[in-house]
*Asks:* 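This is the structure I have questions about; it appears just below.
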Amino acid sequence: MAPSTLSIANLTVTTQKNGEIRKLVDGLSLDIASGRVLALVGASGSGKSLSCAACLDVLPAGVMRQSGQVTLDGAGVDFATLRGRIVSSIMQNPRSAFNPVMTMKAHARETLKALGLPRDAGNARLIAAFEDVGLEEPEHILDLHPFEMSGGMLQRVMIALALLGDPPFLFADEPTTDLDLVVQKHILDLLEGVVMRRGMGILLVTHDMGVVARLADDVAVMDAGKIVEQAPVHQVFERPSHQITRNLVAAHLSLYGQEVS
Amino acid sequence: MKLLRFTLKRLLFLIPMLFVASIAIFLMLRLGPSDPAMDYLRLSRVPPTPQALENARQMLGLDLPITVQYFTWLGNALHFDFGVSYALQRPVLPDILHYLPATLQLAGVALLLTLAVSIPLGIWAARHRDGLPDQFVRLVAFLGVSMPNFWLGFLLVWLLSIELGWLPPMGRGSASQMIMPALAIAFMSLSINARLLRASMLEVSGQRHVYYARLRGLGAGKVERSHILRNALLPIVTATGMHIGELIGGTLVIESIFGWPGVGRYAVSAIFNRDYPVIQCFTLMMVLVFVLCNLIVDIVYAWLDPRIRLGVEEKA
Amino acid sequence: MISIAQQRNRPLAATFAFLGNASWLVKVSAFLVMALAVLAVFGPWIMPFDPGEVDLTNRLLAPGAAHWLGTDHLGRDILSRLIAGTRVSLGAVAISLVAIMTVGILVGGTAGFLGGRADQLIMRVTDIFMTFPTLVLSLFMIGMLGTGLVNVIVAIALSHWAWYARIVRSIVMSLRHRDYILASRLAGAGRVHIFTEHLLPATLSQLLVLATLDIGHIMLHVAGLSFLGLGVMPPTPEWGVMINDARQFIWTQPLLMLWPGLALFLSVMAFNVMGDAVRDRLDPHLSAEHVH
């Protein structure tokens, strides 16, 4: 049975500068449930992406996880074991996320291997996965290098790779930033269709409230390393309680000439 | 297939390049400050009377227009005839071909040593950034860039042959006779290379594709091999192309210390005597060797980096 | 970061003020470099013996009270010869660098200023020069010109200029369409005037950084050619010549080859450290790309 709830409790991430310890994420707790999309929003530098990196044990050098536990349906697990098999990831700016000297096939093969899946000699599995995310001519794409593809294609490949191992959870870190508007829409359609239909639990990191309005079920608002408000999406848009939330929502609504009620 | 076409294109490009090089070498030697006929008489120990000079000029064809001289030389060169050494009165090419393989062998061993030592050192230093291994590699690099290779050769002979008696001080034949000369030649290149690889690996480790590889659950070893090291080696390939030249140059200097029967001593005495046919042939051979080495380096680079192979400029 | 333009107006004292808080290594190197300069200039008044004086009764003496570092196979005082060697070595490096920079500025400046076909042709030639290792190039040049210190310097200049020309060209290229250059052109300034007044000063600081980094390399080069018997000729006291003289005594008197080698090694190291320090100070962007 695939786990249905991923709980992160009391996550604190620190860095040391000039002998002074600074908290970048401060006691963060989140529950990600399968079939639901939890949006983690906040200004850049508020600690959203670092929280994800800390959960998956991929913090940059000089940044440390001070405390925190992660549980799957109540059973404690090690952070490092989540990566890949339990939580797959997609990230922003797909052009620089792929190794420029490797083909898509090489990326996909090594992902299969990391997930402990069979080597897929005839590429049947990879071709099916690429077709699933709406890539045309998947056989051809397998032989392409990142610089031969568009950002939208690369983002689709990234989603396909994230679905390869059928993991119960997905961390999507700004999946539409840096893409042009039409491509953004396609990627959002794809996340909504292919990903959500599988009943995965999604943690969506973004600063774009439009994306939140479109995809999220619940919203957690971060500021300076702390969650300042957590509520269902309609409540956040209708009755934002914290000032930071109000600002985010107001900034989004002003794009459409509206105001917070 | 694309790599093959790339290689063929580069090989074709070689022919005009060698042609231009041969003209340049020929002209520079002829337009130099001294008179080949005088040098010829000096090296053949004939008193330079006006009559003897006139005869020598006629015999060497120096009285003909320079274009005629060049094309005569080129025509002969195309038949593998590079003339006769003034000093030794022997055909030049067979002698050079006799000595050159030993030089290339030693330089090749030095190249292997450079790569075999500098790559692990660079990886080791990058893994332990600012730690003891990193400091150690920094020290090696610091010594390496300042060490005169010929002095290092003597130090090695003194320490390992005379004081400790571990290695034979000179000669060519066994592998143990190669260790000291190869180390003396390679020390500077390997220390530069190790630092370069360290810097390159640290730079690549910070790139986003490495982060994404870790996110996909790849193990640390796999990430280091396929995503850090492979990309970090690209600048090393370019640097190695430059080091090959340095290594061959170093070999020419080091050979005499270890009694290595390479082309170095032959060439140096020809340069000392201004023995034109030898200098001409030797320089052209060196040009050929370097151009071929550069070609190999370019092919390796293209093989490792599809952006070059496919002729794509990288977008920022 | 301090721009080149600001940098060039700094007094020399301010440029080297960083020595105050530099690492001990840089301080030691700066001291060594100054000591070498003093020895090169005032050597004849400092050295205890005449470096050329042959004394066959006192051959191959071990270090002692009279001859601090001993004597060589002709009974000449080694310390005095080492001191005399600084002048040859530093002098050759200084003259070579001036020659290299002159050729580099002339060729690079011409290419950058003319642009177009002329630039392409000149750059193709520099490419060819940069393809070959400097040692092999200078061997060829000596084959053309003949042996001796003067020819070695010419050969070194002819085999190193391409790196400098390339830098000058790229700076001139990047500056020549700047507003202040265009303004001065509109004001009627001639090409030569613009070059010497505006472009040259901008390139000098980078050239000096490159030159400082190259000092050690060129020292090794001069000594190497002399060691091969193609550069400075015996009996002139020069470190490479001394190492070559000492080789036949390596079994009996290894100290003979130790001293000149050590002098060469320490000098090159001191100049390399200073080169790095000056580079980090003046031009952090000119990194390790410059590999010979």
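This one's a predicted model, so the numbers in the text were calculated from it and none came from an experiment.
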*Asks:* Between Arg274(B) and Thr147(C), is there a side-chain heavy-atom distance shorter than 4.5 Å?
*Replies:*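 No, every pair of side-chain atoms sits at 4.5 Å or beyond.
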*Asks:* Would you check, one step at a time, whether the test side-chain contact (heavy atoms from CB on, under 4.5 Å) holds for Leu220(C) with Met147(B)?
*Replies:* CA-CA 8 Å; Leu220(C) 288 178; Met147(B) 183 74 80; over 6 Å; no
*Asks:* If I measure from the heavy atoms of chain C, does Met188(B) come under 4.5 Å with its side chain, its backbone, both, or neither?
*Replies:* side chain
*Asks:* Using only atom types and a distance under 3.5 Å, with no angle test, would you say the side chain of Trp151(B) pairs donor to acceptor with the backbone of Gly240(C)?
*Replies:* no
*Asks:* So, for Phe265(C) and Ser146(B), which heavy atoms are closest and what is the spacing to 0.1 Å?
*Replies:* CD1-O, 3.3 Å
*Asks:* For a 4.5 angstrom cut-off between non-hydrogen side-chain atoms, does Val145(B) reach His217(C)?
*Replies:*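 With C-beta onward as the side chain, the pair stays apart.
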*Asks:* If you compare all heavy atoms of Thr134(C) against all heavy atoms of Glu246(B), which two are closest, and at what distance to 0.1 Å?
*Replies:*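 Thr134(C) and Glu246(B) have their closest heavy atoms at OG1-OE2, 4.1 Å.
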*Asks:* According to the interplanar angle, ranging from 0 to 90°, do the rings of Phe227(C) and Phe154(B) count as parallel (below 30°), tilted (30 to 60°) or perpendicular (above 60°)?
*Replies:* perpendicular
*Asks:* Using a cut-off of under 4.5 Å on heavy-atom pairs, state which of Asn244(C), Ile128(C), Leu230(C) scores highest against chain B.
*Replies:*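 The candidate making the most pairs under 4.5 Å is Leu230(C).
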*Asks:* Side chain, backbone, both or neither: which part of Leu262(C) has a non-hydrogen atom closer than 4.5 Å to chain B?
*Replies:*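 Both parts, backbone and side chain.
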*Asks:* Is any side-chain heavy atom of Phe132(C) closer than 4.5 Å to one of Val287(B)?
*Replies:*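 Yes; the side chains approach each other to less than 4.5 Å.
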*Asks:* Measure across Phe150(B) and Gly224(C) and return the closest heavy-atom pair with its distance rounded to 0.1 Å.
*Replies:*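 Scanning both residues completely, I find the closest heavy atoms to be CE2-CA, 3.5 Å.
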*Asks:* Taking every non-hydrogen pair under 4.5 Å, which of Leu145(C), Ile250(C), Leu264(C) racks up the most with chain B?
*Replies:*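 Highest number of heavy-atom pairs under 4.5 Å: Ile250(C).
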*Asks:* Are Arg247(C) and Ser256(B) side-chain neighbours, meaning at least one heavy-atom pair lies under 4.5 Å?
*Replies:*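 The answer is yes, as the side chains (C-beta and beyond) meet within the 4.5 Å cut-off.
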*Asks:* Quick one: does Ile142(C)'s side chain get under 4.5 Å of Phe272(B)'s, heavy atoms only?
*Replies:* no
*Asks:* Less than 4.5 Å apart, side chain to side chain, heavy atoms only: is that true for Asn272(C) and Phe142(B)?
*Replies:*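 The answer is no; the side chains never approach within 4.5 Å.
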*Asks:* Just so I understand: if I count every heavy-atom pair under 4.5 Å between each of Asn273(B), Asn294(B), Ile25(B) and chain C, which residue has the most?
*Replies:*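 Of the candidates given, the most pairs with chain C belong to Ile25(B).
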*Asks:* Could you state the interatomic distance from CE (Met144(C)) to CG (Leu27(B)), rounded to the nearest 0.5 Å?
*Replies:* 11.0 Å
*Asks:* For the CG atom of Leu139(C) and the OG1 atom of Thr283(B), what is their distance to the nearest 0.5 Å?
*Replies:* 8.5 Å
*Asks:* Under 4.5 Å between any side-chain heavy atoms of Phe140(C) and Met286(B), yes or no?
*Replies:*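 In short, these two side chains do not touch, never coming nearer than 4.5 Å.
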*Asks:* Need one label for Ile257(B): side chain, backbone, both or neither, based on atoms under 4.5 Å from any heavy atom in chain C.
*Replies:*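 It is both, since atoms from each part get that close.
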*Asks:* Could you tell me whether the side chain of Leu155(B) reaches within less than 4.5 Å of the side chain of Leu258(C), counting heavy atoms only?
*Replies:* yes
*Asks:* Does any heavy atom of chain C fall under 4.5 Å from the side chain of Pro235(B), the backbone, both, or neither of them?
*Replies:*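 Neither part.
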*Asks:* Name the region of Met130(C), side chain, backbone, both or neither, that has any atom closer than 4.5 Å to a heavy atom of chain B.
*Replies:*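 Contact with chain B: none, neither part.
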